[in-house]
Protein chains: 2
Amino acid sequence: MPRSGADLALLLLGGFRALAEAGTVELAAHGYARIRPVHDFALHSILGGADTASALARELGITKQAVAKTVAFLETEGYVAGETDERDTRRRRFTVTERGHDLVRTGQQVFDELRDRWAERIGAAELEQLETALTELGIQVPTRLDAPGWLSGSSPD
Amino acid sequence: MPRSGADLALLLLGGFRALAEAGTVELAAHGYARIRPVHDFALHSILGGADTASALARELGITKQAVAKTVAFLETEGYVAGETDERDTRRRRFTVTERGHDLVRTGQQVFDELRDRWAERIGAAELEQLETALTELGIQVPTRLDAPGWLSGSSPD
DNA sequence: TCGATTCAGTCAACCAAGCTGTCTAGACTC
DNA sequence: GAGTCTAGACAGCTTGGTTGACTGAATCGA
């Protein structure tokens with residue numbers, strides 16, 4: 001009995017959602033409320049050197065305005081600090097605060113634990129095979145996190 | 001080298017997105033533009049007997065208002081037809097039109113083909129194992145399609 | 001060196017797909 | 001027949017993005 005392609009898609013989405021939901025809950029329980037992946041991504045990008053709004057926009061594939069909002073959140077929540085670049089006063093350069101580092105660390109930990117729990121349930125080998133399969137399919141890690149395609153009517157006009 | 005939980009989440013999302021994106025494109029190419037999963041879901045639900053706005057809302061887990069918009073789209077695009085229930089004139093009962101059936105059929109076909117293509121690339125056995133693994137994890141097919149948890153800041157206050 | 005262009009960032013307005021809250025009106029229930 | 005429940009609609013809000021117009025700083029080039 002061959003399974004349907006639609007079910008496959010939903011399984012994948014369901015899997016992601018299960019992890020995501022649990023992760024958000026755990027993070028909130030650790031005191032990191034209202035954290036979305038884009039925040040974590042932004043922190044990673046900043047750590048990776050994309051430390052201005054424009055650079056982040058390029059890296060995250062969203063507009064500068066969207067970045068501005070995201071970074072404003074991160075700044076008011078104390079995850080990043082921004083100050084004007086002395087060499088180029090147009091720019092504000094962001095650095096990840098201690099609390100920001102904590103968030104990144106905790107996030108990693110939380111998701112690793114969730115993965116471990118999965119491994120326990122279906123076996124480490126099977127989980128690794130699942131990851132290998134997806135990797136082999138050339139699944140590229142999405143840079144844009146919102147609007148998962150099919151969901152949000154992103155038809156290419 | 002153990003992989004990270006975050007990567008696993010992104011692989012799953014990436015997998016879904018790859019299918020979803022390709023599916024949307026294919027559907028658009030077949031003349032079904034701006035179709036989102038919720039549309040397909042709604043059609044299935046109507047076929048399954050949830051043929052009023054309220055019933056659809058319950059089934060899809062969204063509000064009546066959201067259903068109203070969805071159904072309005074489906075109706076103007078000719079996928080469903082609605083007419084007032086004679087027994088209960090408050091209600092409009094929806095039926096799936098021929099075009100609606102075509103869409104459902106084509107959608108299935110498109111996604112099955114995408115799945116076949118994956119099977120060719122990584123092997124049918126491996127793909128089935130992937131599906132089995134996810135199924136074993138008790139991944140439940142998401143009823144709500146938008147706001148995939150971690151993405152949309154659905155923190156449980 | 002001055003003018004043109006590019007680039008960083010902000011503001012305002014908009015969009016999409018949901019949401020809540022309020023309402024009308026038809027249908028059951030006693 | 002009164003009260004309650006249900007179907008559906010309308011208005012307006014929310015979230016997380018978008019576009020477009022703009023200011024002001026930096027850089028390029030004749």
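Predicted model, so just to flag it, every value in this text is computed and none were measured. A, B, ... follow the sequence lines: proteins, then strands. Residue 1 opens every chain.
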Q: Nearest whole Å is fine: how far is D/dT18 P from A/K69 NZ?
A: 9 Å

Q: Does a side-chain N or O from B/R36 land closer than 4.0 Å to OP1 or OP2 of C/dG18, or not?
A: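 Yes, such a contact exists.
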
Q: C/dA17 C1' sits how many Å from B/L74 CG, rounded?
A: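 Nearest whole value for this atom pair: 14 Å.
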
Q: Please state how far atom CG in B/D88 lies from atom P in C/dT29, giving the value in whole angstrom units.
A: 13 Å

Q: Assuming nearest nucleotide by heavy-atom distance, tell me which of A/T70 and B/S54 is located more 5' along DNA chain D.
A: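 It is B/S54 whose nearest nucleotide is closer to the 5' end.
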
Q: In terms of side-chain heavy atoms of A/A66, which of D/dA7, C/dA8, D/dG17 is nearest?
A: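 Nearest listed nucleotide: D/dG17.
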
Q: Tell me, yes or no, whether the heavy-atom count around B/R105 atom CZ, taken from other residues, nucleotides or ligands under 6.0 Å, exceeds 12.
A: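 Check passes, neighbour count above 12.
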
Q: Does the salt bridge (Lys or Arg N to Asp or Glu O under 4.0 Å) test come out yes or no for A/D88 and A/R90, once each step is laid out?
A: CA-CA 5 Å; A/D88 185 341; A/R90 292 172 303 179; 2.7 Å; yes

Q: Respond yes when some side-chain nitrogen or oxygen of B/R92 is under 4.0 Å from OP1 or OP2 of D/dA7, and no when none is.
A: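 No, because none of the side-chain N or O atoms of B/R92 sits under 4.0 Å from OP1 or OP2 of D/dA7.
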
Q: Does B/Q65 make a side-chain donor-acceptor contact with the base of C/dG21, cut-off 3.5 Å?
A: yes

Q: Is B/T63 near enough to C/dG18 that one of its side-chain N or O atoms lies under 4.0 angstrom from OP1 or OP2?
A: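 No, B/T63 has no side-chain N/O under 4.0 Å of OP1/OP2 on C/dG18.
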
Q: How close or far is atom P of D/dA25 from atom CZ of A/R90, stated in whole angstroms?
A: 10 Å

Q: In whole Å, what is the span from the CD1 atom of A/I62 to the P atom of D/dG16?
A: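 A/I62 atom CD1 is separated from D/dG16 atom P by 12 Å.
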
Q: Rounded to the nearest angstrom, tell me the gap between atom CG in B/D85 and atom P in C/dA25.
A: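 For the pair B/D85 CG and C/dA25 P, the rounded distance is 19 Å.
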
Q: Taking atom CD of A/E83 as the centre, report whether more than 12 heavy atoms of other residues, nucleotides or ligands fall under 6.0 Å from it.
A: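 It does not: A/E83 CD has 12 such atoms or fewer within range.
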
Q: Regarding A/R87, tell me which of base, sugar-phosphate or nothing describes its non-hydrogen contacts under 4.0 Å with the strands shown.
A: sugar-phosphate

Q: Give the intermediate values and the outcome of side chain to side chain donor-acceptor pair (under 3.5 Å) for residues B/T132 and A/R3.
A: CA-CA 10 Å; B/T132 305; A/R3 307 191 218 206; 2.8 Å; yes

Q: Report the distance from atom CD of A/E86 to atom P of D/dA25, rounded to the nearest whole Å.
A: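 Roughly 16 Å, once rounded to whole Å.
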
Q: Please work out which of the three classes, parallel, tilted or perpendicular, describes the rings of B/F73 and B/H39, given edges at 30° and 60°.
A: parallel

Q: To the nearest Å, how far apart are B/F73 CZ and C/dA16 P?
A: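 About 12 Å, once rounded to whole Å.
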
Q: Classify the nucleic acid contact of A/T89 as base, sugar-phosphate or nothing, counting any heavy atom under 4.0 Å across all strands shown.
A: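 Answer is sugar-phosphate: A/T89 comes under 4.0 Å of backbone atoms only.
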
